[in-house]
Structure formats: structure tokens, C-alpha cells
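Step one of this worksheet: look at the structure below.
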2 protein chains.
Amino acid sequence: MTIRILLADDQHLVRSALAALLELEDDFQVVATVSRGDEVVEAARASHPDVALLDIEMPGLDGLAAAAVLTSQVSSCRVAILTTFGRPGYLRRAMDAGALGFVVKDAPAEQLADAVRRVARGEHAVDPALAAATLTGGTSPLTPRERDVLASARSGSTVAEIADRLYLSAGTVRNYLSNAMAKTGARNRHEAVRIAETNGWI
Amino acid sequence: MTIRILLADDQHLVRSALAALLELEDDFQVVATVSRGDEVVEAARASHPDVALLDIEMPGLDGLAAAAVLTSQVSSCRVAILTTFGRPGYLRRAMDAGALGFVVKDAPAEQLADAVRRVARGEHAVDPALAAATLTGGTSPLTPRERDVLASARSGSTVAEIADRLYLSAGTVRNYLSNAMAKTGARNRHEAVRIAETNGWI
DNA sequence: AGATCGCCGTGACATTTGTCATGAGTAGTG
DNA sequence: CACTACTCATGACAAATGTCACGGCGATCT
């Protein structure tokens, strides 16, 4: 029985290459490929895939959000996340979104094939090492608002700009940033951003 | 006549997938794959490829540096860069390193195949739009030292740390950062880092 | 030889950032 | 209900950051 696959990745070449790789397996068939998160659901409705393989970094809608929509709206399609970064917070959010599989792009090809088959059967497929890391350091210490402020501080904005953007006072923004820095153990806001990013908290 | 290809990319899955994609072409043969920049030359010596397809972001030695070594030491092997980011500075540095081809991972598969064939014949293969962008905004306004300081400021280091690392006084570091900020039009060092990164200047 | 440019440094200054104490309002929990 | 946690705010203070003016040194170009 062949497994019908939907592939979502924003990089054209990677998309084609992964399709070629998957098609090498006799029981796999790539029935749809999309480049944007907000095209996933429509494509899934049209092509009835068994498994959707979603990258996280995508324009329109990120893979985690797309996974959440997909699992709730197209229940016949199981979801696996395929991403560059094995960040604990990503795995947690992927599970919360209803994804069964989680594979990093650094994994060997057999592991991807294995994960797809497991997910198609409704089983979970997660790298044990990453799962362990997620259990220990995976839960974000940040409150929702701290997360917002930190996310808004990403591209080197000043306090005033962040305050404007979030309709807060400058002092409040600095307090939140200070809290976030304390919780992440960073010595300035930018280090805090980096840490939060590598953990998948923002 | 088949074209022998060496493939260098740090992500295992992407490497395998690209190999699968390239093997679909009758005249391509992937003769070696490596995951680190510092393994490129050795692999090229052992497997005599016609074309080396190098990612830029790699551990050990980045693809641009590997390209430079390769073109000087294994002259029978032409070089093409295959990277996620179409940054003007990257293209410029790739050309300086002796690469003939430059393909972004967002390009369609045919473009990659076309580029490989051109490069194998000793021709250049560069996306015209990117080439134009490089001509206008490609040259870095930063002096070598400003570049060093800015690169060292990346991960949220303080002035004192940068000064220590580069054996400079704190004042000098701040002056260089100030210059870099003025030249990039940034309002703080972290914005300057971001701008320099997206342009491939660091 | 003089001009120019990059490199490295100092010192002074205004601004921004990070820390801390404090408090009011709101929501959820035992 | 008391307790706790989150949100938002203010004000004051120390430290870090960014700006500016200035000077000496060496290399390069004309």
C-alpha cells in the first residue's frame, strides 16, 4: 500500500530534492508540494495525502501553525514536522499542534523514511535524544507577554519602538526585557533573544 | 559524457536529497558527498569530480573558503556555490574565491542542472537578478577591522568582551562599532550586525 | 614629499539600557 | 476568601552604549 505524501518547504530546490529522495522508496508517492504554510490545507483537501511533511520556517503561516490547522480540519492526514533546527520548544509546540513525527534535516535518509511510515500508521516518530532534551529544557520560562516583548526585540529595535509597537510604556518594556534576561541568564536583551530562539521559545 | 559531482552540505537529509535529485539526470553522477568544509579538498583529490557543489554554511571551513582552497589546489575541479541565502556579498566573495556558479536553494531544479552543466564546461552560471543586486549594493563599505569587530559583536557580546577577544581597547571597539553603524545606517550595533549579515558582509 | 586612508588610542559627553523597589488591577486556584 | 501569578505602570539609580573631537603611526598613491 503506497503512502501519499504532501511536502511543504519554502525552498524550491530542497522541495524537489526531497521529493526525488522520497520517490526512491517504492511505497511512497509525493502527491503535492507547496512552498507556503497557508497553502497546506488547500493542497491537503485537494490531494488527500496520508502524511504531510512540513518545514517550520515558511512564509504565510509557519509549519507549526499549519500543523495545528491541518490536524483539526483534515483529520485523515497525519502530520510530521521536518525542520533544520532541533529546538526543544519546536518539538513541544509540534506535539501540541498534533504532529506525530519530528525529524531534523540533519538526520539520515533512512530515519526520514522510517518516520514517514510510522506516522502513516498513526505512531509517533521522534528522535529520542531530542525528546529527552525537550523534557529537561523544553518548557519556556517566559510568560506570554515576556515572549511578545522579546520577540519584538529581535531585529535590534529600541525600547521606544517596541513600546510603540505593543502599546506599552517604555518602562514596562524594560521590565519585561529585564525579566526575560533574568530567566534566560542572558546579560543583555540580544543574548536573551538568541537563547530564546535556539530553544524555540519565540 | 557524464559529469562527476562532489556535494558538500552539512545537513545529511538535504545532502541525500540533492544527490537523489541530481542522479535523476542521465549525465550526472554524484561521486562524493561530504558534510564539512574541511573535508572537501581531500574528497576532491580522491574522487576527481568535475564540479564541486558547495553549501556556504558548513562546520570546519565555510563553503567560500573551501572554494578558494579547491580552485587553487585541485584545478581540474570547477566550483559552484549552492546556498540558502542570495546575499550580494556572498556572490562577490564566491567569485573572488574562483567559483563559476552560484545557485540559491530557492531556485527551481532545472536551474541547478543547467548551472552544473555550464560550470562543467567552464562557463559562469549566476542568476542575473542577483548579479545585478551585487553590482549595486554588493561592495561592503566596511574596512577589514570594522568587519572583524562587527563579526565579533554578533552573539550579543559586550564591548569589553570584544575588546578582550581582539586585543583592542574598549574605546577603539566602540569607535569601530560607531563607524559600522554609521555606514550601515543602523541605530545600534545589533541592527548593524543584522544588516551586515543579510548583505553577506560578515 | 605631501596627501590620503586605515588602524589604534584617549577623553568627555549625552543617551540608552538594565536593575530595583513599589504598587494597582485582574484572573485563577486551593 | 486568601494566595499567587501575570499585566502594566512609575521613578530613581548605575552601568553600558553611542557620538564626537583629537592625535599618532604606518602604508600607499600621485
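The sequence lines fix the lettering, A, B, ..., with proteins before strands; numbering per chain opens at 1.
- Within the structure, a side-chain polar atom (N or O) of A:Ser178 is placed less than 4.0 Å from OP1 or OP2 of C:dT19.
- Distance CD (A:Glu191) to P (C:dG18): 11 Å, rounded to an integer number of Å.
- Residues B:Ile5 and B:Gln29 form no side-chain contact, since every pair of their non-hydrogen atoms from C-beta on lies 4.5 Å or further apart.
- Note: CD1 (B:Ile162) to P (D:dT17) measures 8 Å, nearest angstrom.
- Residues A:Val34 and A:Asp9 fail the side-chain proximity criterion, which asks for heavy atoms closer than 4.5 Å.
- In summary, of the residues considered (A:Glu110, A:Glu25, A:Glu123), a salt bridge (Lys or Arg N to Asp or Glu O under 4.0 Å) with A:Arg117 occurs for A:Glu25 alone.
- When each of B:Gly171 and A:Ser157 is assigned the nucleotide of DNA chain C with its nearest heavy atom, B:Gly171 is the one assigned upstream, toward the 5' end.
- Across the protein-nucleic acid pair, A:Leu168 atom CG and D:dC6 atom P stand 17 Å apart, rounded to whole Å.
- Between B:Thr172 and C:dG9, a side-chain N or O to OP1/OP2 separation shorter than 4.0 Å is present.
- Put simply, the side chain of B:Asn175 and the base of C:dC8 share no donor and acceptor less than 3.5 Å apart.
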task: Check step by step if side-chain hydrogen bond (donor to acceptor under 3.5 Å, both in side chains) holds for A:Thr172 and A:Arg145.
output: CA-CA 11 Å; A:Thr172 303; A:Arg145 216 52 178 143; over 6 Å; no
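- With rounding to whole Å, B:Tyr167 atom OH is found 18 Å from C:dG9 atom C1'.
- Looking at heavy-atom distances under 4.0 Å, A:Arg189 makes contact with sugar-phosphate atoms alone, never a base.
- If you take CE of A:Met181 and C1' of D:dA16, they are 11 Å apart, rounded to a whole angstrom.
- Side-chain atoms of A:Arg174 and base atoms of C:dG18 include a donor and an acceptor less than 3.5 Å apart.
- Within 4.0 Å (heavy atoms only), B:Asn188 reaches sugar-phosphate atoms of the nucleic acid but no base atom.
- Between the C1' atom of D:dA5 and the CD atom of A:Glu146 lies a distance of 11 Å, rounded to the nearest Å.
- Rounded to a whole Å, the CG atom of A:Leu177 is 13 Å from the P atom of D:dC8.
- Contacts of A:Thr143 with the nucleic acid, taken as non-hydrogen atoms under 4.0 Å apart, involve only primed sugar atoms and P, OP1 or OP2.
- Following rounding to the nearest Å, A:Glu161 (CD) and C:dT17 (P) show an atom-to-atom distance of 9 Å.
- Contact check, A:Arg187 against C:dG18: no side-chain N or O comes under 4.0 Å of OP1 or OP2.
- In this model, no side-chain donor or acceptor of A:Asn179 finds a partner on the base of C:dT19 within 3.5 Å.
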